[in-house]
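These notes are about the structure you will find just below.
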There are 2 protein chains.
Amino acid sequence: MSEPAPYAYDGLDRVLHERARLSLLTSLAAHPKPLAFSDLKQLCGLTDGNLSRHLGVLEEAGLVEIHKGYEGRRPLTTCRLTPAGRQRFVAYLAVLERVVRDAAEAARQGDRGPEPLPA
Amino acid sequence: MSEPAPYAYDGLDRVLHERARLSLLTSLAAHPKPLAFSDLKQLCGLTDGNLSRHLGVLEEAGLVEIHKGYEGRRPLTTCRLTPAGRQRFVAYLAVLERVVRDAAEAARQGDRGPEPLPA
DNA sequence: CGCATCAACTTTCCGATGCAAAGTACGCCG
DNA sequence: CGGCGTACTTTGCATCGGAAAGTTGATGCG
């Protein structure tokens, strides 16, 4: 037991644990169909530059699949979660949930002394 | 109205939304009494250097209070949440919780693939 | 006493990163 | 033809997190 570290949260992968990317993944997870660049931009409130970059990171990590095509004559980039991406996202979420539980409990505990026990 | 961005999660403050710091804050929130440097190190699984740095950041941001004293002749640094720190932590947690809910729901939705694609 | 060791931090260094601003390419009015 | 808008990409920069090295002082040992 040289490593108790109950709050070390190793599962908070740096690729996922990032506002913009988290936002993107949530958007993608919520929509079974691929989403267009501009849709993601709107949904996540990102600038073009940042969206492009973060999508690149997610793709590199194998979390999303990006398809660059055309709609008529306009370029249209669409994006969807890969199965692995979905899996990792779910795993990450489990850790996040754990964090929230730990912390909420902790916050309650430290907030005032002994609280009335909820039923 | 120009900003729907339902997944933009503005509340994910960069100072709090960071593995090491999140870990520290959770530890601190869980313990009403101030914690010692070495305790935090153990609890969060951090190296000396990184702990020092992150504590500095948290202090600078007014989230924690650091007290440098002595226990006998050894230096003993202790640390506790400030009221503002606790408040911001709780607020951050609320956002996190929202993320988890959104995402869990999203993941469930996208999981089953029977999309209603009417020919 | 002198020296090596350990504990408790701090400081430095470096590659990676997020964000913003500028750049590119192309289709579409008028 | 020429400006405008959409759809992205690239570049630049300042910041950041993490590893390693440094500091200070107490303690054990021969």
Side-chain angles (χ1 to χ4, degrees), chain A residues 2-3 5 7-25 27-28 34-61 63-80, chain B residues 2-3 5 7-25 27-28 34-61 63-80:
Chain A
S2 38
E3 296 242 13
Y7 298 111
Y9 303 130
D10 286 0
L12 293 186
D13 185 333
R14 212 111 169 39
V15 174
L16 306 188
H17 189 65
E18 169 71 36
R19 197 169 76 193
R21 253 119 57 185
L22 187 48
S23 167
L24 286 171
L25 290 174
S27 300
L28 288 171
L35 287 173
F37 191 91
S38 44
D39 294 339
L40 283 169
K41 200 174 102 177
Q42 289 294 323
L43 286 168
C44 301
L46 290 169
T47 62
D48 292 14
N50 293 333
L51 176 53
S52 182
R53 188 181 244 285
H54 286 298
L55 279 184
V57 172
L58 290 175
E59 184 182 33
E60 192 116 337
L63 298 174
V64 306
E65 242 175 41
I66 298 180
H67 177 252
K68 297 176 194 211
Y70 287 85
E71 183 193 40
R73 321 211 142 265
R74 286 169 190 290
L76 181 69
T77 300
T78 61
C79 181
R80 65 193 192 88
Chain B
S2 38
E3 297 241 13
Y7 298 111
Y9 304 131
D10 286 359
L12 294 186
D13 186 332
R14 208 114 168 35
V15 174
L16 306 191
H17 189 65
E18 170 70 36
R19 199 170 75 193
R21 253 120 56 186
L22 188 47
S23 166
L24 286 171
L25 290 175
S27 301
L28 288 172
L35 287 173
F37 190 93
S38 43
D39 295 338
L40 284 169
K41 200 175 102 177
Q42 291 293 324
L43 285 169
C44 303
L46 291 169
T47 61
D48 292 13
N50 293 333
L51 175 52
S52 182
R53 188 181 247 286
H54 285 299
L55 279 185
V57 172
L58 290 174
E59 184 182 31
E60 193 115 339
L63 298 174
V64 306
E65 241 174 43
I66 296 179
H67 177 251
K68 296 176 193 210
Y70 287 84
E71 182 192 43
R73 317 210 147 264
R74 287 168 191 291
L76 182 68
T77 300
T78 61
C79 183
R80 64 192 193 87

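Atoms considered below: every heavy atom in the structure, side chains included; atoms not considered: hydrogens, waters and symmetry mates. Convention: sequence-line order gives letters A, B, ...; per-chain numbering from 1.
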(request) Check whether any side-chain heavy atom of B/Val64 sits under 4.5 Å from a side-chain heavy atom of B/Leu24, and report yes or no. (result) no
(message) How many whole angstroms separate atom OH of A/Tyr70 from atom P of C/dC26?
(response) 7 Å
(request) Assign B/Lys41 to base, sugar-phosphate, or nothing according to its heavy-atom contacts below 4.0 angstrom with the strands shown. (result) nothing
(request) Would you name the heavy atoms of B/Arg19 and A/Asp10 that are closest together and state the gap between them? (result) NH1-O, 3.8 Å
Give every pair of a protein N or O atom and an N or O atom of nucleotides 15-21 of chain D that lie under 3.5 Å apart, one pair per line with the distance.
{"unit_1": "D/dG17", "atom_1": "OP1", "unit_2": "B/Arg21", "atom_2": "NH1", "d": "2.6"}
{"unit_1": "D/dG17", "atom_1": "OP1", "unit_2": "B/Arg21", "atom_2": "NH2", "d": "2.6"}
{"unit_1": "D/dG17", "atom_1": "OP2", "unit_2": "B/Arg21", "atom_2": "NH1", "d": "3.1"}
{"unit_1": "D/dG18", "atom_1": "OP2", "unit_2": "B/His54", "atom_2": "NE2", "d": "2.9"}
{"unit_1": "D/dG18", "atom_1": "N7", "unit_2": "B/Asn50", "atom_2": "OD1", "d": "3.3"}
{"unit_1": "D/dG18", "atom_1": "O6", "unit_2": "B/Arg53", "atom_2": "NE", "d": "3.0"}
{"unit_1": "D/dG18", "atom_1": "O6", "unit_2": "B/Arg53", "atom_2": "NH2", "d": "3.0"}
{"unit_1": "D/dA19", "atom_1": "OP2", "unit_2": "B/Asn50", "atom_2": "ND2", "d": "3.3"}
{"unit_1": "D/dA19", "atom_1": "N7", "unit_2": "B/Asn50", "atom_2": "OD1", "d": "3.4"}

(request) First locate atom OG1 of A/Thr77, then atom CG of A/Leu55, and finally report the distance between them rounded to the nearest 0.5 Å. (result) 8.5 Å
(request) Give a yes/no answer on whether the side chain of A/Ser52 brings an N or O atom under 4.0 Å of OP1 or OP2 in D/dC8. (result) no
(message) If we ignore hydrogens and angles and just use 3.5 Å, is the side chain of A/Ser27 paired with the main-chain N or O of A/Ser23 as donor and acceptor?
(response) yes
(request) Nearest 0.5 Å please: distance from the CZ atom of A/Arg53 over to the CG atom of A/Leu58. (result) 12.5 Å
(message) If I take atom CD in residue B/Glu60 and atom P in nucleotide C/dT10, what distance separates them, rounded to the nearest angstrom?
(response) 14 Å
(request) Find the distance B/Leu24:CG to C/dC9:P and express it as a whole number of Å. (result) 14 Å
(request) Whole angstrom is fine here: how far is it from CG in A/Leu40 over to C1' in D/dC8? (result) 13 Å
(request) Would you give the length of the straight line joining atom OH of A/Tyr7 to atom CG of B/Leu25, rounded to the nearest 0.5 angstrom? (result) 12.0 Å
(message) Does A/Leu35 form a side-chain contact (heavy atoms from CB on, under 4.5 Å) with A/Cys79? I'd like the steps, not just the answer.
(response) CA-CA 5 Å; A/Leu35 287 173; A/Cys79 181; 5.5 Å; no
(message) From CG of A/Leu35 over to P of D/dC8, roughly how many Å is that when rounded to an integer?
(response) 13 Å
(message) Once you apply a heavy-atom cut-off of 4.0 Å, does A/Leu76 come out as touching a base, just sugar-phosphate, or nothing?
(response) sugar-phosphate
(message) Output the rounded distance in Å from CG (B/Leu51) to P (C/dA7).
(response) 16 Å
(message) Please report the distance, rounded to the nearest Å, between NE2 in B/His67 and P in C/dC9.
(response) 12 Å
(request) Tell me whether the OP1 or OP2 atom of C/dT10 has a side-chain N or O from B/Lys68 closer than 4.0 Å. (result) yes
(request) Specify the separation, in whole Å, of atom CZ of B/Arg74 and atom C1' of D/dA26. (result) 6 Å
(request) Compare side-chain N and O positions of B/Thr77 against OP1 and OP2 of C/dC9 and report whether any pair is under 4.0 Å apart. (result) yes
